[in-house]
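In listed order, ligands and their atoms are each counted from 1. For the numbers below, each heavy atom of this structure counts, side chains included, while hydrogens, waters and symmetry mates do not.
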Amino acid sequence: MTIILDGKKLRDKIFKDLKAKLDKMNKKPTLAVIIAGDNPASKIYVNNKKKTAENLGINSFVTEYPSNVTEEELLSKIKELNSDKNITAILVQLPLPSHINKSKILNSISPEKDVDGLTTYNSGKLFSGEKPFVYPCTPKGILLLLDEYGIELEGKHAVVIGRSSLVGKPVAQMLLNRNATVTICHSKTKNLADITKTADILISAVGKNIVGEKYIKNNCVVIDVGIFRDEFGKLRGDVDFDGVSKHASYISPVPGGVGPMTIASLMINTLELFDNANKDC
Ligand code: NAP
């Protein structure tokens with residue numbers, strides 16, 4: 001029998017615990033979000049983040065910029081947020097308009113306020129096996145989901161499809177840090193199915209319907225990170241859920257799998273940064 005990795009259920013459990021903790025706190029964390037441009041999906045994500053934070057009792061505000069914003073304007077805003085003691089977490093919603101140097105903007109965030117864990121400081125810590133201030137949200141959510149279902153990582157062959165700095169590379173490194181044997185695949189990988197068929201744990205973070213039942217071995221654990229709309233406007237993941245779930249031991253659905261875990265991790269990270277900022281008080 002295939003077990004569904006239920007991200008919504010775990011998210012709700014995490015939110016309940018966070019809310020109980022936040023209800024007891026006099027001083028609350030503040031999450032500052034910056035969004036630039038008019039990407040409709042980004043606007044929905046940012047609104048969700050703000051609403052979720054507020055429902056839990058986290059202060060949150062959003063600063064919006066038009067798509068012709070300059071790097072200087074963004075850098076100046078981040079500088080202001082970095083030096084504001086009341087702001088404990090900063091998030092820059094991606095993607096940024098194409099004329100903006102993403103890495104320059106992300107790296108201007110103080111590492112101890114970098115709630116997405118995407119600055120070179122925090123990713124450098126992760127890749128050198130040290131503890132960053134926080135781990136990137138989607139990879140962290142994936143590991144929380146695997147742990148919740150008691151899925152052993154040590155010694156397992158994990159195959160990650162996708163090598164972005166947001167998902168593929170950090171999740172591969174986090175699995176490696178947990179003693180999995182990790183293979184990373186990408187658009188130039190040859191004979192993808194031959195590699196994915198050797199996976200005990202398969203994580204697909206591509207954004208295309210790519211993983212069919214011929215791509216997995218029996219009893220494999222399948223995590224579907226991808227999310228996109230097909231030609232009929234239907235929300236889809238990378239994995240052919242019906243075909244693959246006939247063979248997988250565990251599978252995460254889209255929606256309802258990794259998506260809710262990403263936002264849960266963002267809220268956990270916001271609290272962790274706040275606790276860190278106040279640990280000596
Ligand atoms: P990305 O930066 O576009 O990276 C996609 C990766 O897929 C790249 O490494 C690319 O390889 C690889 N790829 C593309 N076509 C491929 C193919 N035919 N075979 C093998 N690999 C292929 O995307 P991302 O930011 O990592 O996000 C990936 C997906 O996850 C997207 O659908 C995104 O919306 C979704 N996502 C979901 C959440 C969530 O919370 N649920 C969070 C973040 C992202 P190259 O490097 O060679 O180009």
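The proximity of T138 to ligand 1, defined as any non-hydrogen pair under 4.0 Å, is limited to the side chain. Here K208 has side-chain heavy atoms under 4.0 Å from ligand 1, and that is the only part of it that gets that close. Contact annotation for D238 and ligand 1: no heavy atom of the residue comes within less than 4.0 Å of the ligand. Contacts of L166 with ligand 1, taken as heavy-atom pairs under 4.0 Å, involve the side chain alone.
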Check the pair T120 / N107 against side chain to side chain donor-acceptor pair (under 3.5 Å), numbers first and verdict last. CA-CA 6 Å; T120 302; N107 277 315; 2.9 Å; yes
Take E148 and K9, measure what salt bridge (Lys or Arg N to Asp or Glu O under 4.0 Å) needs, and give me the verdict at the end. CA-CA 11 Å; E148 173 71 9; K9 194 168 149 198; over 6 Å; no
Before you tell me yes or no, could you show the steps for D275 and K279 under salt bridge (Lys or Arg N to Asp or Glu O under 4.0 Å), namely the whole-Å CA-CA distance, both residues' side-chain angles and the distance that decides it to 0.1 Å? CA-CA 6 Å; D275 285 345; K279 68 175 187 285; over 6 Å; no
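In this structure, OH on Y135 lies 13.0 Å from CD1 on I268, to the nearest 0.5 angstrom. Note that the CD1 atom of I90 and the CD atom of E80 stand 10.0 Å from one another [nearest 0.5 Å]. In this structure, the separation between OG on S67 and CG on L96 is 11.5 Å, given to the nearest 0.5 Å.
In terms of N/O distances under 3.5 Å, ligand 1 is not approached by K188. When only interatomic distances are considered, the shortest N/O to N/O separation between I227 and ligand 1 falls below 3.5 Å.
Listed by number with element, the atoms of ligand 1 under 4.0 angstrom from any heavy atom of I161 are 20 (C), 21 (N). Near G162, with a cut-off below 4.0 Å to any heavy atom, the atoms of ligand 1 are 6 (C), 7 (O), 9 (O).
Contact detail for C185 and L192: the closest heavy-atom pair is CB-CD1, 3.5 Å.
Classification of E54 and K51 as a salt-bridged pair fails, no side-chain N sitting under 4.0 Å from a carboxylate O.
With hydrogens left out, the protein atom closest to atom 1 (P) of ligand 1 is S164 CB, 4.1 Å, a heavy atom. Protein heavy atom in closest approach to atom 40 (O) of ligand 1: T262 OG1, 2.7 Å. What sits closest to atom 48 (O) of ligand 1 on the protein, heavy atoms only, is S187 OG, 3.6 Å. The nearest heavy-atom contact from the protein to atom 19 (N) of ligand 1 is I210 CD1, 3.2 Å. The nearest protein atom to atom 46 (O) of ligand 1, hydrogens excluded, is given as R163 NE, 2.7 Å; this is a heavy-atom distance. With hydrogens left out, the protein atom closest to atom 31 (C) of ligand 1 is G207 CA, 3.8 Å, a heavy atom. The single protein non-hydrogen atom nearest to atom 21 (N) of ligand 1 is H186 C, 3.1 Å, given as residue, atom name and distance. Looking from atom 13 (N) of ligand 1 to the surrounding protein, the closest heavy atom is V206 CG1, 3.7 Å.
Every heavy atom of G168 sits 4.0 Å or more from the atoms of ligand 1.
Between I109 and the options V115, D116, I78, a side-chain contact (heavy atoms from CB on, under 4.5 Å) holds for only I78.
By the 6.0 Å contact criterion, NZ on K79 is open, its count of non-hydrogen atoms from other residues, nucleotides or ligands being 12 or less.
A chain of hydrophobic side-chain contacts below 4.5 Å, direct or via other Ile, Leu, Val, Met, Phe, Trp or Tyr residues, connects L91 to V258.
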